[in-house]
Structure formats: C-alpha cells, structure tokens
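Quick notes on the structure that follows.
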Amino acid sequence: MTEVERHNYDVVVIGAGGAGLRAVIEARQRGLSVAVVCKSLFGKAHTVMAEGGCAASMGNANSHDNWQVHFRDTMRGGKFLNNWRMAELHAKEAPDRVWELESYGALFDRTDDGRISQRNFGGHTYPRLAHVGDRTGLELIRTMQQKIVSLQQEDYQHYGDYEAKLRVFAECTVTELLKEDGRIAGAFGYWRESGRFVLFETPAVVLATGGIGKSFKVTSNSWEYTGDGHALALRAGAGLINMEFVQFHPTGMVWPPSVKGILVTEGVRGDGGVLKNAEGERFMFRYIPDVFKGQYADSEEEADRWYSDQEGNRRTPDLLPRDEVARAINTEVKEGRASPHGGMFLDIASRLPTEEIRKRLPSMYHQFRELADVDITAESMEVGPTCHYVMGGIEVDPDTAAATVPGIFAAGECSGGMHGSNRLGGNSLSDLLVFGRRAGLGAAEYVESLGARPSVSDADITAAAKQALAPFDGPDDGAIEENPYTLHTELQQTMNQLVGIIRTSDEITKALDKLAEIRSRIRGVTVEGHRQYNPGWHLAVDLRNMLLVSECVARAALRRTESRGGHTRDDYPQLDAQWRNRLLVCAATDEQPVPGVGVEAKEQLPIRGDLLELFELSELEKYYTEDELAAHPERTA
Amino acid sequence: MAYSAKLRVWRGDATSGELQDFEVEAEEGEVVLDLIHRLQATQTPDLAVRWNCKAGKCGSCSAEVNGRPRLLCMTRMSIFGEDEVITVTPMRAFPVIRDLVPDVSYNYEKAREIPSFTPPEGLEPGEYRMQQVDVERSQEFRKCIECFLCQDTCHVIRDHEENKESFAGPRFLMRVAELEMHPLDVADRVGDAQDVHGLGYCNITKCCTEVCPEGIRITDNALIPMKERVADRRYDPIVWLGNKIFKRNGA
Ligand SMILES: Cc1cc2nc3c(=O)[nH]c(=O)nc-3n(C[C@H](O)[C@H](O)[C@H](O)COP(=O)(O)OP(=O)(O)OC[C@H]3O[C@@H](n4cnc5c(N)ncnc54)[C@H](O)[C@@H]3O)c2cc1C
C-alpha cells in the first residue's frame, strides 16, 4: 500500500489566490470544514502581483457609473463572446465584494470625500478601479489572508485549535482528482517540502489554480502558472472553453533580457502615460478599429483634455482594450519603428510631475530603477507585449460555479466564459471576488445536499502515486532520458513563436507537430536526487499539465477561423458574426496521463432580451448576425 | 558581456550541509536568482530554492547574499565584481529545510497571535469613510510583502532561538502598529504590544529597516511610535490608576 497522509474535509479549495481565498471564506462561513491547498507559501499566490486595481462600478469617481455601464464595457472588451450571465453577475456584485474587503481591514486609496478612489483603465468608460497605488493585488491577498486568520482565531475560541475547521496546506501540490461513480471523492497530491503524499477525502473541490502563462517564453506570469487546474479538470472529465483566447498584455518590460515580460501596469496609461514609437509619434491614434470608431478621441488634444473632463471629450486610444494595443505595438515593431530593444516607448515622465509618479506608481518606479537602471520620472520606459492572462478555462455554471463533473467547482483565472475573447484590465480581481464567493457557496450547497459521500479507492491512490513518481524511474521502454528543463524551454519557445499574438494555420500546425514530439519525449523525462524539495521533479510533474493546456490552446486556435480578442489569425483577419456565439470546448479523449484532446463547437444560450437592449442596435450590428437581432426593440418598433 | 560568475552556494538539509563552489554563466542585466536557475537547468537540477513572482512582489526568494539578507530576484549581479565570489546561504534565523529553503512557519504562527481588524459595531460595508492622510500611515506598513528579511536580521531572534516564544519580530510588531493606526480599528492594542508581542525586546537598532526591500521605515514609523504609546500609557498616572481600578476584562 502506498504510504499517504489522509485528511477529511467538507470542501477542499485548490489555490490560495484571490479566487481560492474568497471561496474558503464563504464555505467556512457556511459552517463547513475547509482545506486550502497551494503550491507556494500562504500569501504568495500570483494574485499578489496584480497592480492596477479591481473594477467595480461604485460610482465614487464618476456618479454616472453603474452595473449596466460596466456590463456593457465587459461585453465590448470580450467582443460579445462572453458568457453574458457571468458578465451580468460580475457587474452587479463587484461593488459589494469590494466594500466587503474594507470590513476585513483593506485600506484602498481614498477620494476627497473619504470613499474608495477609482482609476481609469483600458476599456472602462469611467474611472472604475479600486486600487492601492500599484499594488492592489497585494492588498487583496493580504486582506483575505488576514480574514482567514481571523476565522481561525474564532475557531480557536471555540475549539481550542486554530486549525479545527480551516487549515492551509502550503507548498503542497495536487496532482490528481479522484472520483467514484463519476463524482468527486478526493484530491491527491504531495508536499513539496518532503515529497510525501497527501490524500484529501472530500466530496467537493474548488479549483482556483490561476493561469497557464508558463507555457510561453515571454510572460508576466510566475512559475505557478502551469495550468494545473485546467489539466486536473480536463483529466477528470470536465470541458475547457475558449482556450484559443490568450491575452498578451501590451506593456511588458523588454530589457534587460532577464526581466523580459515582467508587467508594466496599465495604470501607467490610466494615469496619463502615452505610447510612442521610435519616431516619437503617438501611434495609437492610427489603430482605432472600426468597432470602436466614435468611442475614442481622434486627436492628441482631445485625448489630453479627457483626463480632466470626461463628459466633454473621448478617451485616449492608448486605453483601447489590450488586444488592440498589443497588436498595434506588434505592427509598429514589424514596420521598423521599434525602440532600441525592440519595443515601444511608454512615456509618463513628461506627463506627470516626479512626485506624482512616485506616489501613484511606486512599484513601477522601483521595478525600473532596480532591474533596468531606468528612472521613469526622467525617461521613457521601453515596453512590448507579454503573455499575461488566459481567457479560456473550465466551463462552469454561472450562478454556482459548478463544472460539468459533480463535485468540481471552479473560479478565477482557471475558469472560462466571463471575459469572452478578451479580458478588460481590472476585471480579473473583481472576477476572483464575485465568483470565488459563488464557488464557495456552490460547493457548500452541493455538500449539504449530498447523502452518502463518495469514497476513494485504494487502486486510485496507488495509481496516482505511481504516476507522480514516474520521473524518478526514467523511461521503462528504452526511450531516451530527457531533462525537464530542456523540454520546458522547447515548449515555451514553440508556443511563443507559433501560437503567439498573431497566428496562421501553417504555424499552428507546426506547433502541433512539435507538441506531438514533446509528448512522445515527455515519457522519457528523468529527474535526479530524492523527493525532498526537488525542483526538477516538481517541474517534471507540472510539465505534463503545460503540455496538455498548450495542446488545447493550439487545437482550438486552429479551429477558430476568424480574429477576435485574444485570438488573431493572419489568414482570417476579420471578426466573423457566425463565430460570435460559438464556443470551442476541449475535452480529453482517453485516460492517458497526458490525454489526447478533442475540440467540439457548441452554441451559447442566446442573451436575455433585457441585457441585449442595453446596447444600441448600431453597435450590435457590428457583432451579431441578422437573425440574432430580429427581436431587438429598435427592429420590432 | 557574458562572463563566468563564481557562486558559492550552501547545500544541505536539517542534519548537515556545506558551501559548494560553482562557475556559472552570467548575462547582462541578470539577478542572482537567474544564476541559481541556470545552475538548476545545467548543473544541479535538484538545488532547492523558493521563488515565485521574480519581480520583487511576493517575497518568496529571501536568502542571504554575502551574509546580507536580500531578495534573490532583486539582487543585480552588476553590484558585484566579475571576479568576486558570491556566497548565497539560506536565511539564518529559521531552521533550514533544504539548500536555500528555510522553514518560515514561525512567522505564520506569530501572525495568528495578533487579534484581527476590529471595526466599530454597526458600521456596514459601503459606509466606510476615511481620509487619504489617515490611511497612509497604515498603508505604508501594508506594503509589506512578508519576505521575512526583517525577521531574519533582527538580532533578538537571529541568535536567540529562545526569544521566539515571546517575540513577534519586526514584521508582526509592525502589523500591530498598522492596526493600531487604522482609522477605523477600535481594538486596544497598546498593552498587548508590550506584554504579548514583546515590543520591549526591540532596542531600535534599525537593522530591520535597513534590509526591507520595500523601503518601509519599520523602526521610525511603526516601532518607535508604538513604544511611545506604550510609554504614554504606562507612565500616565491617570491611565495607570484607571487600569488599576477597572482592570480591563480578560486582559
Ligand atoms: C503582473 C500581473 C499584474 C496583474 N494586474 C492585474 C490588475 O491590476 N487587475 C486585475 O484585475 N488583474 C490583474 N492581473 C491578473 C490577475 O492578477 C490574475 O488573473 C488573478 O490574480 C488570478 O487569481 P486566481 O485566484 O485565479 O489565481 P492565483 O492568484 O494565481 O492563485 C493560484 C493558486 O493556485 C495554486 N495552485 C496552482 N496549481 C496548484 C496545484 N496543482 N496544487 C495546489 N495549488 C495549486 C497556486 O499555488 C496559487 O495559490 C495581473 C496579473 C499579473 C501577472
């Protein structure tokens, strides 16, 4: 029998970022016993890196803002492919979720009348992002971490044990979800510190594992972003949607090489920073796409006036949605107007006084000074696109966050639908809060409704352990031994070069060939040393997930023969109304450790009439087919 | 530009360990963590190091470089000479797990001993009103990324394991100060700072402030003001008398 430490919980949340922590709080407050498992230390999850802010239409900075405006902006940003119900819930509930954080102790920046200050961001009509300088993610994660500590303190009062009902399993990686009769029965993993195995017996898991960016070479994402939740769900039989949509943030650092990809917050542009090419031209004015014509300023003068007077002027095209700005930069570079290190210039120095820059953008100031020897109060930054966010993820029910497999719930970046084909900046942090809470609630209700709980079989435990340890044994069939670091680098290069910002059928096909080769070599991955805190082994285990999600991205990207949001096909450059309502669903086709991936197209439910009516017909006509608009009141009137 | 750098890295576990010498390629603009990663990829695949964001935001990759507590991801190679031997060791104040990875659980235990934010009763979410000037003091402390370098360097625990029991360390004394200065926190934290969290051990040598990668003025802005509040309370005869007579419940 495999030696394994056993724990029993009502709900196990996998991931301690914003989504996971919010789910934990909700499930615990419903009275359930909850474990939260994370790969890094508690309080270090990727959410900690978020900079600019958290979108919520509180209307503090501009009283015209409300959920309908936020909903419209979100749908536009996602090019109307969003799950409209998720976008609706998100827009309606975000303000309450932000205010709730204040009651946990969060200290956001303030307006003059003492309310939460809100900043401008790309694609948002009004200043909407609650923020703390440029370290909003840190505030979110610390606040919820501290809320969890306070729940543990309450348990201590009650039971004499901080961990009686809520325990954090930090530096612990889940490698397998276990089922009985099609329902979740447990989760299996290992302690990174010791390499020993852990089994969580639980009827409900909330996946909150974040994104997939580590499959790309140039990325703003940390090592945790290996798509584990995506892969766990897929292998357990759930579907992934929208995997072709990957957001490349327009502004990552480009120099020096070791920091290439590190994020430069959109807050720089929100606070007045502008993009310029090597000729000093503010080129974004040339890149306002037809669907956004009329919504953005067409002269520098108007754009500059907009910062102080938003009623009388239109916003600067520097703040177009990210997909548009990233493509524009890509084109400028291709056409030979790049900065010395192959990016564009981002200028805040000439736009704000030194003191103001240091106050509003302290982390950016620090990051450039420490890592690039650049003083952003005196010179321009050099920036270029970097892989940032995956819109695709686990398909869930909008209201309960339940995946199609009973007992799996998902929230945050690893879930799909909410952002459609492109996410607006600031909409992720609010997404984490809204759907993290809903996932905690959904899981709690599911557990409460269960009769007998499914149980984990010994055979499944043995199989999971064997799978996890395979890299120590090396290939059993005489295949060549492979180094996980080398394979990882090849995978990243493939995805970056062939399934990056601009895609073609030829290149994606080449990528799929290369992924097939990596798939055949991955069996040979062999690691040295023992199980105690062994990074080579950890990478070998994560690599399978990265391969699997990369295949999903590439296969879905090949199928979608149009350009929309975070999916740009050079061979199909137009938005195609026939594709607007079609989702591509990836599913596993076999039971292999890295299963094959199949892609099926599926229609979304038509949007509710009252939500459709929030848009003018003339705008909808740019996205929808004639048939879909037949019932619009402007048509029937 | 690229050169061969000399790294001396501590390798071992809780039972034993030693410094090992390596030569590894360094490229322009790199940080110490880049070199550790290159070591993993090319020479020592099982070298243990804790890291995450590699952008100075998460506080995972804390270690000591030439004896000084630092974030490996924010330590530029260019601050050292090309011939210099760069020694990388795990944080000394905590028990080692393996190689550069220490057991930092002490910090999480201390965090749990501090009573949480306590808002006024009846104040509903959405009704919070605070002025920017009033939140700024606590905001400075909330910049903390919990890298625990200040804990590592603090001599109260660095060389005195026995003090850990009764001393929260600069990070968590600062947390007490943060809550104490939160405009809407109603709990009384001054007495506990001294009696429970060990503020008295601190003799304001400012070592913590010096190593803070976020530039938080821990000593001047958190610890000294807390000490002043303790002093005011203890030596104010009226407060002293009040405390005597009404002996706070449960305190
Ligand atoms: C630099 C940067 C800046 C950003 N700025 C903003 C911003 O200003 N506004 C905004 O809205 N969004 C921003 N984003 C996006 C946003 O931060 C992320 O989308 C969001 O934080 C994801 O949160 P999450 O809760 O889904 O997952 P994460 O915070 O990434 O947490 C994932 C958790 O899952 C755990 N995990 C993963 N796999 C496993 C496994 N196998 N076993 C156990 N645990 C596992 C990890 O350890 C981690 O705890 C930014 C992103 C980056 C990279």
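Per chain, numbering begins at 1; letters A, B, ... match sequence-line order. The analysis underlying the following values was restricted to heavy atoms, covering all of them including side chains, and did not include hydrogens, waters or symmetry mates.
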Main chain of [Y], side chain of [X]: is a donor-acceptor contact present, judged purely on distance under 3.5 Å?
X         : Y         : result
Glu102(A) : Gly126(B) : no
Glu84(B)  : Gly81(B)  : yes
Ser220(A) : Gly261(A) : no
Asn60(A)  : Ser117(A) : no

From CA spacing to verdict: side-chain contact (heavy atoms from CB on, under 4.5 Å), Asp109(A), Gln139(B): CA-CA 9 Å; Asp109(A) 288 347; Gln139(B) 277 185 333; 2.8 Å; yes
Of the backbone (N, CA, C, O) and the side chain (C-beta and beyond), which part of [X] lies under 4.5 Å from a heavy atom of chain B, both, or neither?
X         : result
Leu41(A)  : both
Arg135(A) : side chain
Asp373(A) : both
Trp255(A) : side chain
Thr143(A) : both
Tyr104(A) : backbone
Ala372(A) : backbone
Tyr162(A) : side chain
Phe108(A) : backbone
Glu100(A) : backbone
Asp96(A)  : neither
Leu371(A) : both

Options [options], ranked by heavy-atom pairs under 4.5 Å with chain B, top entry:
options                                   : answer
Lys39(A), Gln367(A), His46(A), Glu193(A)  : Glu193(A)
Pro256(A), Ser194(A), Gly43(A)            : Pro256(A)
Trp99(A), Trp223(A), Tyr225(A)            : Trp223(A)
His366(A), Lys147(A), Glu171(A)           : Glu171(A)
Gln153(A), His488(A), Met49(A), Arg115(A) : Gln153(A)

What part of [X] is in contact with chain A, defined as an atom under 4.5 angstrom from a non-hydrogen atom: side chain, backbone, both or neither?
X         : value
Arg112(B) : both
Val101(B) : side chain
Ala55(B)  : both
Leu179(B) : neither
Asp13(B)  : side chain
Asn52(B)  : both
Val104(B) : side chain
Pro213(B) : backbone
Arg175(B) : side chain

Among [options], which residue has the highest count of heavy-atom pairs closer than 4.5 Å to chain A?
options                                   : answer
Arg50(B), Gln131(B), His182(B)            : Arg50(B)
Cys144(B), Gly56(B), Pro119(B), Pro183(B) : Cys144(B)
Pro45(B), Cys58(B), Pro125(B)             : Pro45(B)
Gly215(B), Cys73(B), Pro115(B)            : Pro115(B)
Val49(B), Ile114(B), Thr42(B), Thr118(B)  : Ile114(B)
Glu27(B), Lys143(B), Glu127(B), Glu124(B) : Lys143(B)

query: Could you go step by step and tell me if Met58(A) and Gln118(A) meet the side-chain contact (heavy atoms from CB on, under 4.5 Å) rule?
result: CA-CA 9 Å; Met58(A) 296 178 286; Gln118(A) 300 189 264; 3.7 Å; yes
Any side-chain heavy-atom pair from [X] and [Y] closer than 4.5 angstrom?
X         : Y         : value
Val31(B)  : Met74(B)  : no
Met77(B)  : Asp34(B)  : no
Arg137(B) : Leu107(A) : no

Any carboxylate oxygen within less than 4.0 angstrom of a Lys/Arg side-chain nitrogen, looking at [X] and [Y]?
X         : Y         : answer
Arg142(A) : Glu146(B) : yes
Glu355(A) : Lys359(A) : no
Arg119(A) : Asp134(A) : no

- request: First locate atom CG of Leu39(B), then atom CD of Glu23(B), and finally report the distance between them rounded to the nearest 0.5 Å.
  value: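 Output value for this atom pair is 11.0 Å.
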task: Kindly indicate, with the supporting measurements, whether the criterion salt bridge (charged side-chain N to carboxylate O under 4.0 Å, His left out) is fulfilled by Glu139(A) and Arg142(B).
output: CA-CA 7 Å; Glu139(A) 187 67 15; Arg142(B) 290 183 73 81; 2.6 Å; yes
- request: Would you mind telling me which of Arg76(B), Arg38(B), Lys54(B) makes a salt bridge (Lys or Arg N to Asp or Glu O under 4.0 Å) with Glu30(B)?
  value: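 Of the listed residues Arg76(B), Arg38(B), Lys54(B), the salt bridge (Lys or Arg N to Asp or Glu O under 4.0 Å) partner of Glu30(B) is Arg38(B).
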- request: Check the angle between the aromatic planes of Tyr106(B) and Phe94(B) and answer parallel, tilted or perpendicular using the 30° and 60° thresholds.
  value: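 Tyr106(B) vs Phe94(B) ring planes: tilted.
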Glu51(A) and Ser363(A) side chains, donor-acceptor separation under 3.5 Å: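 Absent: no donor and acceptor within the cut-off.
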- prompt: Between Trp51(B) and His37(B), does the ring centre distance come in under 6.0 Å?
  reply: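 Ring centroids of Trp51(B) and His37(B) are less than 6.0 Å from each other.
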